[in-house]
Visitor: 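If you scroll down you'll find the structure; I have some questions about it.
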Amino acid sequence: MENVQFRRQLPLGAKAGGLAFTSAVGFNLFISLFAGVIIAIFSLSGTEAESYIALLTSPIAIAIVLTLALTVAKQPAKKLLPVKTHPKYYLIGILIVFGALFSLSQVNEYIIQLFELMGYQRRASFVPDVTGWKVVPVLIVVAVIPAFMEEILFRGIILNNAEEELGTVRVVLISGFCFSLYHGSVEQTVYQFIIGCLFGFLAVRSRSLGPVILIHFINNALIIIMLACGAYDEAGELIISKGGAIALYVVSAASLIGGVVWLFLDRKLLRPCKKGGVKTFFIFAAIGIGVQAALWIAGLFVNG
């Protein structure tokens, strides 16, 4: 009886989703500051070690949030980390990620150019060396680990906790917003918001993290593999003929549209939003949103 009463007092639902985001931001900021001290003490600035440390701070922060959710809040793993689903959702996910990777990237490029008209300068990439065997550890820290940890946070802890109160449509949009804001990348803001919403839509349809973890991995891994293969020029543009580029964009756009339409045709009921659910989420996510928004704005003034 005591356990039941204790669990009823826990901030589950929209509160848990908002707290999870704020906690992840807080832990990530603390770990990043600690990592900065280590980098300064050991003079690692400008080295590959600095890049790896920077890439690992977020997964560590999310791992702490997951641990607290499973132990302190005693949330069931099956609720936060559902896996079983119909195989068709993996195929839908592949269609979506292929389409998003090549067609949505162009939309993102236009947004960056708009920022550049206002004086923004692109930041240099901090991806470690991907030549030869070095591509393997990069794939692990850029593709494998983020695919698991970020999906656990945004489509596992946040979405699965908040959907009942926020409703299906709102939770997809809000989780996509949080996903984009959490990364703090000015260049990738639009792409990450759209793909975050697509991942959320796939997660609520499939009721599983399996498909979104797979396509998150594919998205990141393809970029790294293409970098390793020299598929991009110095300006970051894909090295491909004009005709090949047109064909690629047309096929990828068709793939994206097909995957999204397939999901819409999946006749599963959408959960309605409960009164006060959105407000509750944003109250508990406010600190995290404020911190990340400040970091995003500061990024506008950081030279490339």
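For the single chain, residues carry numbers from 1 onward in sequence order.
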Visitor: Checking Lys279 against Glu165 for the salt bridge (Lys or Arg N to Asp or Glu O under 4.0 Å) test, could you report, in this order, the C-alpha distance in whole Å, the side-chain angles of both residues, the deciding distance, and whether it holds?
Guide: CA-CA 10 Å; Lys279 180 180 178 180; Glu165 293 182 56; over 6 Å; no
Visitor: Identify whether Phe98 and Ile240 are in the same connected component of the hydrophobic contact network (ILVMFWY, side-chain heavy atoms under 4.5 Å).
Guide: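 They do share one cluster, since a chain of ILVMFWY contacts under 4.5 Å joins Phe98 to Ile240.
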Visitor: Atom CG of Asn219 and atom CD1 of Ile224: how far apart are they, to the nearest 0.5 Å?
Guide: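 One finds 10.5 Å between CG of Asn219 and CD1 of Ile224.
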Visitor: Tell me which one of Tyr182, Phe199, Phe193 satisfies ring-ring contact (aromatic ring centres under 6.0 Å, His included) with Phe154.
Guide: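 The residue from Tyr182, Phe199, Phe193 that satisfies ring-ring contact (aromatic ring centres under 6.0 Å, His included) with Phe154 turns out to be Tyr182.
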Visitor: What I'd like to find out is whether the side chain of Ser206 reaches to under 4.5 Å of the side chain of Tyr90, using heavy atoms alone.
Guide: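 Result no, sub-4.5 Å side-chain heavy-atom pair not found.
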Visitor: Consider only side-chain heavy atoms of I, L, V, M, F, W and Y, link residues closer than 4.5 Å, and tell whether Ile111 and Ile195 are in one cluster.
Guide: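 Same cluster: Ile111 reaches Ile195 through Ile, Leu, Val, Met, Phe, Trp or Tyr contacts under 4.5 Å.
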Visitor: Should the pair Phe34 and Phe30 be assigned to parallel (<30°), tilted (30 to 60°) or perpendicular (>60°) ring geometry?
Guide: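 Taking Phe30 first and then Phe34, their aromatic rings lie parallel (interplane angle under 30°).
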Visitor: Would you check if Arg207 and Pro82 make a side-chain contact, meaning some heavy-atom pair closer than 4.5 Å?
Guide: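 They are not in contact (no side-chain heavy atoms under 4.5 Å apart), so the answer is no.
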Visitor: Examine distances only and state if a side-chain atom of Glu151 and a backbone atom of Ala147 form a donor-acceptor pair shorter than 3.5 Å.
Guide: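 Checking the backbone N and O of Ala147 against the side chain of Glu151, no donor-acceptor pair under 3.5 Å is found.
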Visitor: Kindly give the heavy-atom pair with the smallest separation between Asp129 and Val138, and that separation in Å.
Guide: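 Smallest heavy-atom distance, with atoms named: O-CG2, 3.5 Å.
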Visitor: Quick one: does Ser23's side chain have a donor or acceptor within less than 3.5 Å of a partner on Leu19's backbone?
Guide: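 Answer holds: yes.
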Visitor: Report whether Ile112 and Trp296 are members of the same hydrophobic cluster (ILVMFWY, side-chain heavy atoms less than 4.5 Å apart, transitive linking).
Guide: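 Cluster IDs for Ile112 and Trp296 differ.
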Visitor: Is any side-chain heavy atom of Tyr232 less than 4.5 Å from a side-chain heavy atom of Ile239?
Guide: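 Heavy-atom side-chain distance check fails, nothing below 4.5 Å.
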Visitor: Taking all atoms of both residues into account, what is the closest heavy-atom pair of Ile92 and Leu202, and its distance?
Guide: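 Shortest heavy-atom separation between Ile92 and Leu202 comes out as CG2-CD1, 4.4 Å.
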Visitor: Same cluster or not: are Ile94 and Val83 linked, directly or through other Ile, Leu, Val, Met, Phe, Trp or Tyr residues, by side-chain heavy atoms under 4.5 angstrom apart?
Guide: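 No, because Ile94 and Val83 fall into different hydrophobic clusters, even though each may have its own neighbours under 4.5 Å.
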Visitor: Report yes if some heavy atom in the side chain of Val204 is under 4.5 Å from a heavy atom in the side chain of Glu163; otherwise report no.
Guide: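 A side-chain contact under 4.5 Å exists here.
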Visitor: Just verifying a value: how many Å separate Ser252 OG and Ile96 CD1, rounded to the nearest 0.5 Å?
Guide: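 Answer for the OG-CD1 pair, Ser252 versus Ile96, is 13.5 Å.
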Visitor: Any donor-acceptor pair under 3.5 Å linking the side chain of Thr168 with the backbone of Arg271?
Guide: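 Such a contact is found between Thr168 side chain and Arg271 backbone.
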Visitor: What residue pairs, at least two apart or across chains, pass salt bridge (charged side-chain N to carboxylate O under 4.0 Å, His left out) with a residue in residues 112-121?
Guide: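 For residues 112-121, and leaving out neighbouring residues, the salt bridge (charged side-chain N to carboxylate O under 4.0 Å, His left out) pairs sorted by first residue read Glu116-Arg122.
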Visitor: Distance-only, no hydrogens or angles: does the Ser180 side chain make a donor-acceptor pair with backbone N or O of Gly176 under 3.5 Å?
Guide: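 No; judged by distance alone, with no hydrogens or angles, the pair does not exist.
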Visitor: Answer yes if the side chains of Gln292 and His183 hold a donor-acceptor pair under 3.5 Å, and no otherwise.
Guide: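 His183 and Gln292 do not have a side-chain donor-acceptor pair below 3.5 Å.
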Visitor: At what distance, to the nearest 0.5 angstrom, does CG of Leu222 lie from SG of Cys229?
Guide: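 Atom-to-atom, Leu222:CG and Cys229:SG are 10.0 Å apart.
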Visitor: For Ile39, is the CD1 atom crowded, meaning more than 12 foreign heavy atoms sit under 6.0 Å from it?
Guide: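 Enclosed.
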Visitor: Do Leu198 and Ile257 share a hydrophobic cluster, counting only Ile, Leu, Val, Met, Phe, Trp and Tyr and linking them when any side-chain heavy atoms are less than 4.5 Å apart?
Guide: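 In one cluster: no.
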Visitor: At their closest point, which heavy atom of Pro76 faces which heavy atom of Leu70, and how far apart are they?
Guide: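 Looks like C-CD2, 4.5 Å.
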Visitor: I need the Ile215 CD1 to Leu91 CG distance, nearest 0.5 Å.
Guide: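 If I round to the nearest 0.5 Å, the distance is 11.5 Å.
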Visitor: In sequence, state the C-alpha distance, the side-chain angles, and the governing distance for Phe201 and Val169, and then conclude on side chain to side chain contact (heavy atoms under 4.5 Å, CB included).
Guide: CA-CA 8 Å; Phe201 190 27; Val169 175; over 6 Å; no
Visitor: Mind checking whether Leu56 and Met149 have side chains closer than 4.5 Å, heavy atoms only?
Guide: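 Not touching, per the 4.5 Å side-chain cut-off.
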Visitor: Could you grab the distance from atom CD of Glu48 to atom CD1 of Ile53, nearest 0.5 Å is fine?
Guide: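 Answer rounded to 0.5 Å: 12.0 Å.
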Visitor: Taking atom CZ as the centre, does Phe42 end up with more than 12 heavy-atom neighbours from other residues, nucleotides or ligands that are less than 6.0 angstrom away?
Guide: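 Incorrect, the count does not exceed 12.
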Visitor: What's the verdict on side chain to side chain contact (heavy atoms under 4.5 Å, CB included) for Ile174 and Leu166, showing C-alpha distance, side-chain angles and the deciding distance?
Guide: CA-CA 9 Å; Ile174 290 173; Leu166 297 183; 4.0 Å; yes
Visitor: Atom CD1 in Ile38, atom CD1 in Ile31: separation rounded to 0.5 Å?
Guide: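 With rounding to 0.5 Å, CD1 (Ile38) is 12.5 Å from CD1 (Ile31).
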Visitor: Does the pair Leu248 and Leu238 meet the rule for a side chain to side chain contact (heavy atoms under 4.5 Å, CB included), with working shown?
Guide: CA-CA 11 Å; Leu248 178 61; Leu238 190 64; 3.7 Å; yes
Visitor: Are Ile158 and Phe179 close enough that some pair of their side-chain heavy atoms sits under 4.5 Å apart?
Guide: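 Contact flag for Ile158/Phe179 side chains = no.
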Visitor: Give me the atom names and distance for the closest heavy-atom approach of Ala228 to Val135.
Guide: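 Looking at all heavy atoms of both residues, the shortest contact is CB-CG2, 3.9 Å.
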Visitor: Does the separation of the ring centres of Phe284 and Phe21 fall below 6.0 angstrom?
Guide: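 They do not qualify: ring centres at least 6.0 Å apart.
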Visitor: When you measure from the side chain of Asn160 to the backbone N and O of Gly156, does any donor-acceptor pair fall under 3.5 Å?
Guide: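 Indeed, once roles are kept as given, a pair shorter than 3.5 Å links the two residues.
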Visitor: Count the heavy atoms belonging to other residues, nucleotides or ligands that lie under 6.0 Å from CZ of Arg170, then report whether that count exceeds 12.
Guide: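 12 or below, so no.
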Visitor: Phe27 and side-chain contact (heavy atoms from CB on, under 4.5 Å): which partner among Ile60, Thr57, Ile64?
Guide: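 Only one of Ile60, Thr57, Ile64 forms a side-chain contact (heavy atoms from CB on, under 4.5 Å) with Phe27, namely Ile64.
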Visitor: So, Glu164 and Lys274, do they make that salt bridge, N to O below 4.0 Å?
Guide: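 Result for this pair is yes, salt bridge flagged.
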Visitor: Measure the shortest side-chain to side-chain distance between Leu153 and Leu66 over non-hydrogen atoms and say whether it is less than 4.5 angstrom.
Guide: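 Heavy-atom side-chain distance check fails, nothing below 4.5 Å.
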Visitor: Side chains of Asn161 and Lys15: any donor to acceptor distance under 3.5 Å?
Guide: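 Result is no, nothing qualifies.
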Visitor: Please report the shortest heavy-atom distance between Gly299 and Val186, naming the atom on each side.
Guide: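 Minimum heavy-atom separation between Gly299 and Val186: C-CG2, 4.0 Å.
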Visitor: Got Leu101 and Ile223 here, is their nearest side-chain heavy-atom distance under 4.5 Å?
Guide: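 A side-chain contact under 4.5 Å exists here.
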Visitor: Do you know the tightest heavy-atom contact between Asn220 and Val142?
Guide: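 Smallest heavy-atom distance, with atoms named: ND2-O, 2.8 Å.
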Visitor: Please assess Leu173 against Cys197 for the test side chain to side chain contact (heavy atoms under 4.5 Å, CB included), listing each intermediate value before the final yes or no.
Guide: CA-CA 6 Å; Leu173 294 173; Cys197 292; 4.0 Å; yes
Visitor: Measure from the ring center of Phe217 to the ring center of Phe148 and say whether it is less than 6.0 Å.
Guide: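 No, the ring of Phe217 stays outside the 6.0 Å limit from the ring of Phe148, centre to centre.
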